K.L.:
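What follows is a single structure, and I will ask about it in a moment.
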Protein chains: 2
Amino acid sequence: MNTVSQIEDFERFKKRAALSMEEICREIYRENRDRIRIKKENVAVKNLVKIFNATLALSARKGFQAMSLRELCNESGLSMGALYAYFIGKDMLLDIILMQGRRIVKKVLEEAIALEKTSWGKLTCALRTHIYLSELLQEWFFFSFMEAKNLSRDRQKAAIASELFTEKIFLDLLEEGNKNREYAVVNPVLTASIIKAMLQDWYLKRWKYRKRNVSVEQYADFVIETIRCIIAVVKKKNRNL
Amino acid sequence: MNTVSQIEDFERFKKRAALSMEEICREIYRENRDRIRIKKENVAVKNLVKIFNATLALSARKGFQAMSLRELCNESGLSMGALYAYFIGKDMLLDIILMQGRRIVKKVLEEAIALEKTSWGKLTCALRTHIYLSELLQEWFFFSFMEAKNLSRDRQKAAIASELFTEKIFLDLLEEGNKNREYAVVNPVLTASIIKAMLQDWYLKRWKYRKRNVSVEQYADFVIETIRCIIAVVKKKNRNL
DNA sequence: GTCTATACATAGATAGAC
DNA sequence: GTCTATCTATGTATAGAC
């Protein structure tokens, strides 16, 4: 199992990913041109950056629902009237943030895995990429998790689909590796579940790891090593799980 | 490592714990007698059950902040005026729910561990007890996690202290077992963190496990087996984590 | 103890001046 | 494109009848 190709530090990942807030907002603008009243792209992008940063910051503190649009005005520096030129309602703002995030996760993960040959290589790559990405977009990941339950039925379905999508990536890799005999996972479904749990802990408890000076590389290393233990060792133990 | 004493199924735990909503509300009433206007204990307890059930249900769907007191009236069957005889404001309602939950977790965990002799026994017991308890009080655990960020500074500190308290229990048990040479955990701090992450997954994603027919006993077994792999095996591998 | 009716503040959203 | 002023709905909270 050669994993050397995977070991990339966070800074390199950051440069390679090129996911600045401006890039993201430009993409959002182009995707939603019909619903946004502003016509000059550069003006729109500049203000969208302000709006999304302010929204993520306020929501992290008190939740999206509890954030009033007046607070959003103060934090973003725009007026009420201006805000409504960028979205037709609070719902649309929520919607855009969630959708764009999902698009990014899907794209980045799939591209990363495609470069790998072995199942173990793909698995470690997926783990590390997910953790680095959630570090880069920590506020969005946190937001996305916390607001998922407050959605309308349609959007809730989309959120659940997204949760299951990433989990499925890990499940598939576990089963693929089982077939290859690269490793032997006794219970791939539950293993994929706790993999997700470990990945989520990084962005849900960011404050904790910051306080303890745990770097993102350390956390990724630890998770990968933990998974290695589980998928390499369980096969020798009882099989009735 | 004899773990036989720990293997208790959920139904037995449930009976032993005797944590009916009524019991909990009675305790809440007694703790807050000075702040609750109702003087007849039985009347108060009966309505507190309605209020808390309604609050947990509505909050699970849309969040505590987004839940209006009018909705709470409908769901609980009480009127606005009546509600305000039980708490002096929405904040107090939030406060009571969080505090009472913490008290229960602390008490149940500590009592369970006290019965065990070995570190591994205590550890598996703590894991199983936590998972069973979070199954029994799933709505409260979910609520508590989701609302933690929406609190005033003081309450936020209390929430963080509570999060770290349970984590500390696991950390202490890991280090105790290291000293005893019952096992060897390379990185107890990070190990305790991901233990918490796995425990939280059970009540944060209850819908997922329900859909897949994973029982609470199965999940507890899986988590314990996973931890066994990590703490028994890591010691043979690289130590630079 | 519980209800209905109501006060008062703040929310989201829009109109129209600039 | 952006601002200020304002509309209407809804929120929390209270008063007073029963």
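Throughout, protein chains are lettered first and strands after them, A, B, ... in sequence-line order, and every chain is numbered starting at 1. If you're wondering where the values come from, they're calculated on a predicted model, not measured in any experiment.
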K.L.:
Starting at atom CE of B:M92, determine the distance to atom P of D:dT12, rounded to an integer number of angstrom.
P.N.:
16 Å
K.L.:
What is the distance, to the nearest angstrom, from the NZ atom on A:K39 to the C1' atom on D:dT2?
P.N.:
16 Å
K.L.:
Can you check the A:N47 CG to D:dT2 C1' distance for me, whole Å?
P.N.:
9 Å
K.L.:
Let me confirm one number: the CZ-CG distance from B:F170 to B:L123, rounded to the nearest 0.5 Å.
P.N.:
7.0 Å
K.L.:
Nearest to the side chain of A:R70 - D:dT6, C:dT14, D:dT2?
P.N.:
D:dT6
K.L.:
Can you see if the side chain of B:Y86 gets near the phosphate of C:dT2 - specifically, an N or O under 4.0 Å from OP1 or OP2?
P.N.:
yes
K.L.:
Rounding to a whole Å, what distance do you find between A:L72:CG and D:dC3:P?
P.N.:
13 Å
K.L.:
State plainly whether the residues B:E135 and B:K14 are in salt-bridge range, i.e. N to O under 4.0 Å.
P.N.:
no
K.L.:
I need the CG-C1' distance between B:N74 and D:dT10, as an integer number of Å.
P.N.:
14 Å
K.L.:
Is there a side-chain contact between A:N32 and A:R35 (heavy atoms, below 4.5 Å)?
P.N.:
yes
K.L.:
Starting at CG of A:L69 and ending at C1' of D:dT10, how long is that distance when rounded to a whole Å?
P.N.:
14 Å
K.L.:
Can you confirm whether B:L83 sits close enough to B:C73 that some side-chain heavy atom of one is under 4.5 Å from a side-chain heavy atom of the other?
P.N.:
yes
K.L.:
From the set C:dT4, D:dC3, D:dT12, return the single nucleotide nearest to any side-chain atom of B:S79.
P.N.:
C:dT4
K.L.:
Side chain of B:I38: nearest nucleotide among D:dT12, C:dA13, C:dT2?
P.N.:
C:dT2
K.L.:
Go through C:dT2, C:dT14, D:dG1 for me and flag the one nearest to the B:V43 side chain.
P.N.:
C:dT2
K.L.:
For the side chain of A:K40, starting at C-beta, report the closest nucleotide among D:dG1, C:dA13, D:dT12.
P.N.:
D:dG1
K.L.:
Please pick, from D:dT14, D:dC3, C:dA13, the nucleotide with the shortest atom-to-atom distance to any side-chain atom of A:L78.
P.N.:
D:dC3
K.L.:
Check every atom of D:dA13, C:dA13, C:dC3 against the side chain of A:M80 and return the nucleotide holding the closest atom.
P.N.:
C:dA13
K.L.:
Please report the C-alpha distance between B:R128 and B:D221 in whole Å, then the side-chain angles of each, then the deciding distance to 0.1 Å, and finally whether the side-chain contact (heavy atoms from CB on, under 4.5 Å) criterion is met.
P.N.:
CA-CA 8 Å; B:R128 191 174 296 277; B:D221 289 345; 2.9 Å; yes
K.L.:
Starting at atom CG of B:L83, determine the distance to atom C1' of C:dT4, rounded to an integer number of angstrom.
P.N.:
14 Å
K.L.:
Does a side-chain N or O from B:Y84 land closer than 4.0 Å to OP1 or OP2 of D:dA13, or not?
P.N.:
yes
K.L.:
For the pair made of CG in B:N42 and P in C:dT2, what is the distance, rounded to whole Å?
P.N.:
12 Å
